[in-house]
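Take a look at the structure set out below.
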Protein chains: 2
Amino acid sequence: MKLSEAKQQFISTWGAMGTHWGINRTMAQVHALLLIAPDPLTQDDIMAQLNISRGNVNMNIRDLIDWGLVDRVLIQGERKEYFTAEKDIFKVATQIIKERKKRELDPMMKLMDQLSKVEGDRRDKEVKVFVDTVTGIKKFGAHANDMLDVVVKSDENWFLSTALKLFK
Amino acid sequence: MKLSEAKQQFISTWGAMGTHWGINRTMAQVHALLLIAPDPLTQDDIMAQLNISRGNVNMNIRDLIDWGLVDRVLIQGERKEYFTAEKDIFKVATQIIKERKKRELDPMMKLMDQLSKVEGDRRDKEVKVFVDTVTGIKKFGAHANDMLDVVVKSDENWFLSTALKLFK
DNA sequence: ATTAATTTTCAAAATATTTTGAAAATTCGG
DNA sequence: CCGAATTTTCAAAATATTTTGAAAATTAAT
């Protein structure tokens, strides 16, 4: 397979995958493009390569920066802004996990705490099932939280990788 | 907080969360409704409680069954079909993880294998960055795969929970 | 076999999301 | 400070997704 073909394939698959992960196709494609770009790119480069409008590039780049996945870089003597993506996939994953914990898991757990304090008699079936469900989610959330911390903190830790396999 | 209010809140939040996880709002809401229902529900029950059309309920129930999160139950003497959701959240998570591994992670890894065989000189910067990125994703995928297996196989395993905390 | 209850399908309508592109705002060299 | 280059914004247009609802298919009781 030719490099140009492989790049296309990579960008398009990464984009499709993005939609399964709650980010939009274009944002994921911009990210993919930057991931495999040896040097920083400008908005115009991205527009040209992905065939999308300036406004679109601008918005998606901004979101990627918010997610901590892309950085602006200033190239001396150049007026234009350049953009570059973190290339280390473990760092990328770490960043995504951190953000999603903050944006999704934490608020969800806070809500479950509240909901578990619902009024009503525990002997009422309706109440019992509700509280049990919410409690189950809280427990799972705590477990997931621990797991994710391990992923985030361990990166390519060899010992951990080995340890994990013991549990399989 | 009243039970009815808490239920509403739960359903609506679970639905919103679904959109961040690549499933649609309604499917997540139907799931939420079934999670906190003490007894199996019919399509009509779901239509009434969520205010959605019959066709919509039907399609989303089918998807939930495909995901292995909901089961049809036959109630003796009744003509209608009833539906019930797995209530154990750890089992729910296990099921979701298994499915998503199969639907997303596995194909992605297969593609990365192909892409890593791209032709071209490794001393070419373009080629190098591309191959390095793809290789990084493969490594991460393997790691993620192991982690997820641990989650799936360990469930509420106390020892594991404790062990995980050591790595934090 | 007939029929009424129930489920499924799917084209069209409604809704939601994404994209565009041109105008406004900002930045910066001279 | 001026003006050209660049970035940002955002309403409107394009596109994509979800929902509806009625017709078709299926099911099961009589």
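Chain identifiers are assigned alphabetically (A, B, ...) following the order of the sequence lines, protein sequences preceding nucleic acid strands; residue numbering begins at 1 within each chain. Keep in mind that what you see is a predicted model, and the values were worked out from it rather than measured.
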Which one, [options], comes nearest to the side chain of [X]?
{"X": "A:Arg79", "options": "D:dA5, D:dT8, C:dA4", "answer": "D:dA5"}
{"X": "A:Arg62", "options": "C:dT19, D:dT19, D:dT9", "answer": "D:dT9"}
{"X": "B:Glu81", "options": "C:dT9, C:dT8, D:dT20", "answer": "C:dT8"}
{"X": "B:Gln43", "options": "C:dT8, D:dT17, D:dT8", "answer": "C:dT8"}
{"X": "B:Met59", "options": "D:dG21, D:dT7, C:dC10", "answer": "C:dC10"}

Exercise for the section: Please work out which of the three classes, parallel, tilted or perpendicular, describes the rings of B:Phe90 and A:His143, given edges at 30° and 60°. Expected result: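 Ring orientation of A:His143 relative to B:Phe90: tilted.
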Just the rounded figure in Å: distance from [atom2] of [N] to [atom1] of [X].
{"X": "A:Ile61", "N": "D:dT6", "atom1": "CD1", "atom2": "C1'", "answer": "15 Å"}
{"X": "B:Arg25", "N": "D:dA16", "atom1": "CZ", "atom2": "C1'", "answer": "15 Å"}
{"X": "A:Asn58", "N": "C:dT27", "atom1": "CG", "atom2": "P", "answer": "13 Å"}
{"X": "B:Leu64", "N": "C:dT7", "atom1": "CG", "atom2": "P", "answer": "16 Å"}
{"X": "A:Asn56", "N": "D:dA14", "atom1": "CG", "atom2": "P", "answer": "16 Å"}
{"X": "B:Ile52", "N": "D:dG21", "atom1": "CD1", "atom2": "P", "answer": "12 Å"}
{"X": "A:Ile75", "N": "D:dT6", "atom1": "CD1", "atom2": "C1'", "answer": "15 Å"}
{"X": "A:Lys80", "N": "C:dC28", "atom1": "NZ", "atom2": "P", "answer": "15 Å"}

Problem - Given DNA chain C, 5'-ward residue of the pair A:Thr26 and B:Asp44, judged by closest heavy atom - result: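 Its nearest nucleotide lies further toward 5', so the answer is B:Asp44.
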Exercise for the section: Would you check if there is a donor-acceptor pair between the side chains of B:Thr135 and B:Asp132 at a distance under 3.5 Å? Expected result: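 Looking only at side-chain atoms, B:Thr135 and B:Asp132 do not form any donor-acceptor pair under 3.5 Å.
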Exercise for the section: Would you confirm whether B:Thr19, through its side chain, and B:Ala16, through its main-chain N or O, come within 3.5 Å as a donor-acceptor pair? Expected result: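 Side chain of B:Thr19 to backbone of B:Ala16, a donor-acceptor pair under 3.5 Å: yes, one is there.
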Problem - Ionic contact status for B:Lys128 with B:Asp121, cut-off 4.0 Å - result: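 Not counted as a salt bridge, because no side-chain N and carboxylate O are separated by less than 4.0 Å.
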Exercise for the section: Name the nucleic acid region contacted by A:Asn24, choosing base, sugar-phosphate or nothing; use a 4.0 angstrom heavy-atom cut-off, strictly under. Expected result: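 Sugar-phosphate contact only - A:Asn24 comes under 4.0 Å of backbone atoms but never of a base.
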Exercise for the section: Give a yes or no on whether a donor-acceptor pair under 3.5 Å exists between the nucleobase atoms of C:dT8, that is its base, and the side chain of B:Arg54. Expected result: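 No.
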Practice task
Measure from NZ or CZ of A:Arg100 to the centre of the six-membered ring of B:Trp21 and say whether it is under 6.0 Å with the direction within 45° of the ring axis.
Solution key: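 The answer is yes; both the distance and angle limits are met.
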